[in-house]
Number of protein chains: 2
Amino acid sequence: MKSGGKKDACEITCIDSKRVASVRKKIEPEHKIQLLSDTFKVLGDPTRVKIVFALSQEELCVYDIALLLGTTKSTVSHQLRVLRNMRLVKYRKDGKMVYYSLDDEHIKNLFDEGLRHVEDL
Amino acid sequence: MKSGGKKDACEITCIDSKRVASVRKKIEPEHKIQLLSDTFKVLGDPTRVKIVFALSQEELCVYDIALLLGTTKSTVSHQLRVLRNMRLVKYRKDGKMVYYSLDDEHIKNLFDEGLRHVEDL
DNA sequence: TCAACAGTTGAATAACTATTCACCTGTTGT
DNA sequence: ACAACAGGTGAATAGTTATTCAACTGTTGA
């Protein structure tokens, strides 16, 4: 069905087209892949991991988070915005204070599963 | 106990030192935080997410992964090294071919938990 | 009204990273 | 031995990002 030139890389190099087709059918749509990797990317920073871990224990204000991490309010505030954008944390205002907490019950499971991987070195 | 200057930011701005101390006791050690965020960071890229997802369905060779993702062998090979370094995938050589598969049963759980978060928008 | 403070933000810098390109290694079949 | 191919890799580029600094908003108490 094809003028069998030696340059027809597809038929030559496609090792197992059946397997490829089978996986292709099950693969998640592009926008979901993007959201998923964005979620993981947000957790892929030590500062944000610490923030999320702290908030998984207690509701905390911005300054206390900074104190806990040994960093500045500015850094924490910047990272909290990133976490807010991905709907990982929510906040509650009380006068001058802003109290942050986790927004999603899956996050803690995600953490625990990640820690289980890390335990195995 | 302190020469009560108005610059003593710690006592003034530490809002709830009891809560801070409580969280500090439970916080994971630095190297674990680092490993955890490194693991999430590795999953924080669409190309690697696709690779991991594909490998969660089938053992695949490098070229087939590239075919599946619509990218090059080189890109896939680079990213497979990153995944290998974090012990997320393993490989098996067979002549010219190298077959990759997932190295860790937790990864699929991590994925499913992440997807559950994404479903909630 | 005003000083003090919690928090946010924009700009700048420095560090990191995903992809591409070109080239390399090692294996297979002839 | 040799051509063909699967896979790996180093350098370069372009894009992204975490932190710092300085300035800002809005709230509280005197």
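Letters A, B, ... mirror the listed sequences (proteins, then strands); counts begin at 1. Fair warning: this is a prediction, and the values are worked out from it, not measured in the lab.
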Q. Do A:Arg116 and A:Glu113 sit within salt-bridge range, that is, some charged N less than 4.0 Å from a carboxylate O?
A. yes

Q) Tell me: NZ of B:Lys41 to C1' of C:dT17, nearest whole Å? A) 9 Å

**Q.** hbond_proxy A:Ser74 side chain to C:dT9 base (donor-acceptor, 3.5 Å cutoff)
**A.** yes

Q. D:dT19, C:dT20, C:dT8: which one has an atom nearest the side-chain heavy atoms of B:Thr71?
A. C:dT20

Q | Exam field: side chain A:Ser56 to backbone A:Phe53, donor-acceptor pair closer than 3.5 Å | A | yes

(Q) Once you apply a heavy-atom cut-off of 4.0 Å, does A:Tyr100 come out as touching a base, just sugar-phosphate, or nothing? (A) sugar-phosphate

(Q) Under 3.5 Å, is there any donor-acceptor pair linking the side chain of A:Lys73 to the base of C:dG7? (A) yes

Q.
Can you tell whether the side chains of A:Lys50 and B:Glu28 come within less than 4.0 Å, N to carboxylate O?
A. no

Q.
I want to verify a distance call: between D:dG7, D:dA18, C:dT19, whose nearest atom is closest to the A:Gln79 side chain?
A. D:dA18

Q | A:Arg48 or B:Met97, whichever maps to the more 5' nucleotide of DNA chain D | A | B:Met97

Q) A:His78 has a side chain; which of C:dA18, C:dG10, C:dT8 sits nearest to it? A) C:dG10

Q: Rounded to the nearest angstrom, tell me the gap between atom OH in B:Tyr91 and atom C1' in D:dA6.
A: 14 Å

Q: Could you check whether B:Lys93 gets within reach of a base, just the sugar-phosphate, or nothing at all, counting any heavy atom under 4.0 Å?
A: nothing

**Q.** Protein-nucleotide distance (A:Lys50, atom NZ; D:dA18, atom C1'), rounded to Å
**A.** 13 Å

Q: Write down the distance between CG (B:Asp64) and C1' (D:dG7), rounded to a whole number of angstrom.
A: 13 Å

Q) Per the side-chain contact (heavy atoms from CB on, under 4.5 Å) rule, which among A:Val82, A:Leu43, A:Val89 passes with A:Arg48? A) A:Val82

Q: Would you give the length of the straight line joining atom CG of B:Leu80 to atom NZ of B:Lys73, rounded to the nearest 0.5 angstrom?
A: 13.0 Å

Q: Measure the distance from CG on B:Leu43 to C1' on C:dT17 and round it to the nearest whole Å.
A: 16 Å

(Q) Distance check needed: C:dA6 P versus A:Leu60 CG, whole Å only. (A) 15 Å

Q: Would you mind telling me which of D:dG7, D:dT20, D:dT9 lies closest to the side-chain atoms of A:Thr72?
A: D:dT20

Q. Starting at CZ of B:Arg92 and ending at C1' of C:dT27, how long is that distance when rounded to a whole Å?
A. 16 Å

Q: Would you please classify the geometry between the A:Phe40 ring and the B:Phe111 ring as parallel, tilted or perpendicular, with 30° and 60° separating the classes?
A: tilted

Q: Would you tell me if any nitrogen or oxygen in the side chain of A:Thr75 comes within less than 4.0 Å of OP1 or OP2 on D:dT20?
A: yes

Q | B:Ser77 side chain near D:dT9 phosphate (N/O to OP1/OP2, under 4.0 Å) | A | no

Q.
If you only use heavy atoms from C-beta on, which nucleotide in C:dG7, D:dT19, D:dG8 is closest to the side chain of A:Tyr63?
A. C:dG7

Q. Which nucleotide sits closest to the side chain of A:Arg84: C:dT8, C:dT20, D:dA18?
A. C:dT8

Q. Closest to the A:Lys96 side chain: C:dA18, C:dC5, D:dG8?
A. C:dC5

Q: Using atom CG of B:Asn85 as one end and atom C1' of D:dG8 as the other, report the distance to the nearest whole Å.
A: 13 Å

